[in-house]
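Working notes, beginning with the structure itself.
Quick note: numbers below take in every heavy atom, side chains included, and nothing from hydrogens, waters or symmetry partners. Lettering of chains follows the sequences in order, A, B, ..., and the numbering in each one begins at 1.
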Protein chains: 2
Amino acid sequence: MATKNVADQTLRVLKDNKLRVTPQRHVILSYLASHHNHPSVDTIHAALSKELPNLGASTIYNTLNTFVERGLVIELQNGDGSTHYDYFGTPHYHAICTNCGKIVDVSYEGFGKDEKEFEKRTAELSGYMISGNHMEVYGLCPECQVKLGIKRP
Amino acid sequence: MATKNVADQTLRVLKDNKLRVTPQRHVILSYLASHHNHPSVDTIHAALSKELPNLGASTIYNTLNTFVERGLVIELQNGDGSTHYDYFGTPHYHAICTNCGKIVDVSYEGFGKDEKEFEKRTAELSGYMISGNHMEVYGLCPECQVKLGIKRP
DNA sequence: CATTTAATTGTACTCATTACTAATTAAGAC
DNA sequence: GTCTTAATTAGTAATGAGTACAATTAAATG
């Protein structure tokens, strides 16, 4: 059994979600699935304009909003004024640098279980019918600690 | 020992943070400390314009940004396009309704401890020097579940 | 293929937030 | 209390992310 490439995988994801398969959607989702750089709309636009020269910014907004509605992708704010996007393959959360805005994925064995437990507890406490969560941790990334001359205790 | 009122408490908070005490800052912080409605800049402006008729929107933005920098207040997005603010008295997190945007505070015995543990683990995994976090859970609030005719399992 | 229905695009627009500047004011020294 | 000065405020203009809209294009279905 050969390993599926990203294009095949994302094609299947689109079909499974009953989304009409357009080159734009396919390319955007493939970009998100193969990069872990938490791009903004601008970043995506710049990266894909070689592949699809007529790709419009409004299409990217539309497409990403559709993906977010289906839960394929999540939105992140890092304080630079624009929204960043992340394809949500395996359970993880984010550490965001308060100095340079860098976002990294964090996970550990059992995070998925902890997360479910947290959602269940929240449902009991609040009465909300939970559909998802964001966990973000803020701080200085290793590079900025060096750059700012900060010693770790 | 008499219980301090909100105005006295917030005055102390401003002084402790070495912030110059202005009526604007005092009134805005008192509003946040005595309301748990997670207001936007507009909401605050509308609520305080009786008390301070000349209060400018830019002052509210400046003031809130100052408070956020000092960690007195945190920012929240509920998807309506504007930023909401919350005075951070005791450790808690937020449940946000994906239908109406309502934000409620959630906490439980031991949440503060869990939170610290989570930050410590994140520091070890990512190398970040942690200064804070946001935990948010999304779902339908009880009112919207009824409104949308959804049965809870 | 032909039809139907949805997606894309570009432009115009909205509106939250920031930048900038002149006028005002809080805090501390005398 | 008055003075000094450095910070804050308020108003307006500017920015820029994101949305609305209408015409065009393209995917799905049979």
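- Here C:dA7 presents its C1' atom at 12 Å from CZ of A:F67, a figure rounded to the nearest Å.
- For an aromatic pair to be called close, the ring centres must be under 6.0 Å apart, and B:F118 with B:F111 fails this.
- The interatomic distance linking B:H26 (NE2) with D:dT9 (C1') rounds to 18 Å, in whole Å.
- Among the protein residues, B:S40 comes within range of no part of the nucleic acid, since none of its heavy atoms lies under 4.0 Å from any strand.
- Proximity note for B:Y61 (side chain, C-beta onward) versus D:dA17, C:dT9, C:dA16: the nearest is C:dA16.
- At whole-Å resolution of the value, CG in B:L11 and P in C:dA27 are 9 Å apart.
- The phosphate of C:dA16 has neither OP1 nor OP2 within less than 4.0 Å of any side-chain N or O from B:T83.
- Relative to the side chain of A:N62, the nucleotides C:dA7, C:dA16, C:dT9 differ in distance, and C:dT9 lies closest.
- At a cut-off of 3.5 angstrom, counting only N and O atoms as typed in the model, there is a donor on one side and an acceptor on the other between the side-chain of B:S58 and the base of D:dA10.
- Residues A:P23 and B:L19 each lie close to DNA chain C; by heavy-atom proximity, the contact nearer the 5' end of the strand is made by A:P23.
- Side-chain contact between B:V68 and B:Y85: present, with at least one pair of heavy atoms (C-beta onward) separated by less than 4.5 Å.
- Residue contacts for B:D80: at a heavy-atom cut-off of 4.0 Å it reaches no nucleic acid atom on any strand shown.
- With hydrogens and angles ignored, no donor-acceptor pair closer than 3.5 Å exists between the side chain of B:R25 and the base of D:dT8.
- Taking atom CG of residue A:N78 and atom C1' of nucleotide D:dA17, one finds them 14 Å apart after rounding to whole Å.
- Comparing B:D42 and A:I60 by the nucleotide of DNA chain C that holds the closest heavy atom to each, the one mapping nearer the 5' end is A:I60.
- For A:K15 and D:dT29, the NZ to C1' distance is 14 Å, given to the nearest whole Å.
- Checked against the 6.0 Å centroid criterion, the rings of B:Y138 and A:H134 qualify as a close aromatic pair.
- The aromatic rings of A:H94 and A:H92 sit perpendicular, their planes meeting at an angle over 60°, well past the 30° parallel limit.
- As a whole-Å value, the separation of B:H45 NE2 from D:dT9 P is 13 Å.
- Two residues, B:T59 and B:R20, neighbour DNA chain D, and the one matched to the more 5' nucleotide by heavy-atom proximity is B:R20.
- For the pair B:L48 CG and D:dT9 C1', the interatomic distance rounds to 15 Å; values are reported in whole Å.
- A pairwise comparison of heavy atoms in B:L125 and A:S107 identifies CD1-O, 3.6 Å as the closest pair.
- Exactly one residue among B:V41, B:D42, B:L48 makes a side-chain contact (heavy atoms from CB on, under 4.5 Å) with B:I60. That residue is B:V41.
- Taking every side-chain heavy atom of A:S82 into account, D:dA17 is the closest of C:dT17, D:dT8, D:dA17.
- Here the C1' atom of nucleotide D:dA17 and the OH atom of A:Y85 are 10 Å apart, to the nearest Å.
- Applying the 4.0 Å criterion to OP1 and OP2 of D:dA10, one finds that B:Q24 has a side-chain N or O inside that range.
- At the phosphate of C:dA6, neither OP1 nor OP2 sits under 4.0 Å from any side-chain N or O atom of A:T22.
- Residue B:N54 has its side chain nearest to D:dG11 when only C:dT9, C:dA7, D:dG11 are considered.
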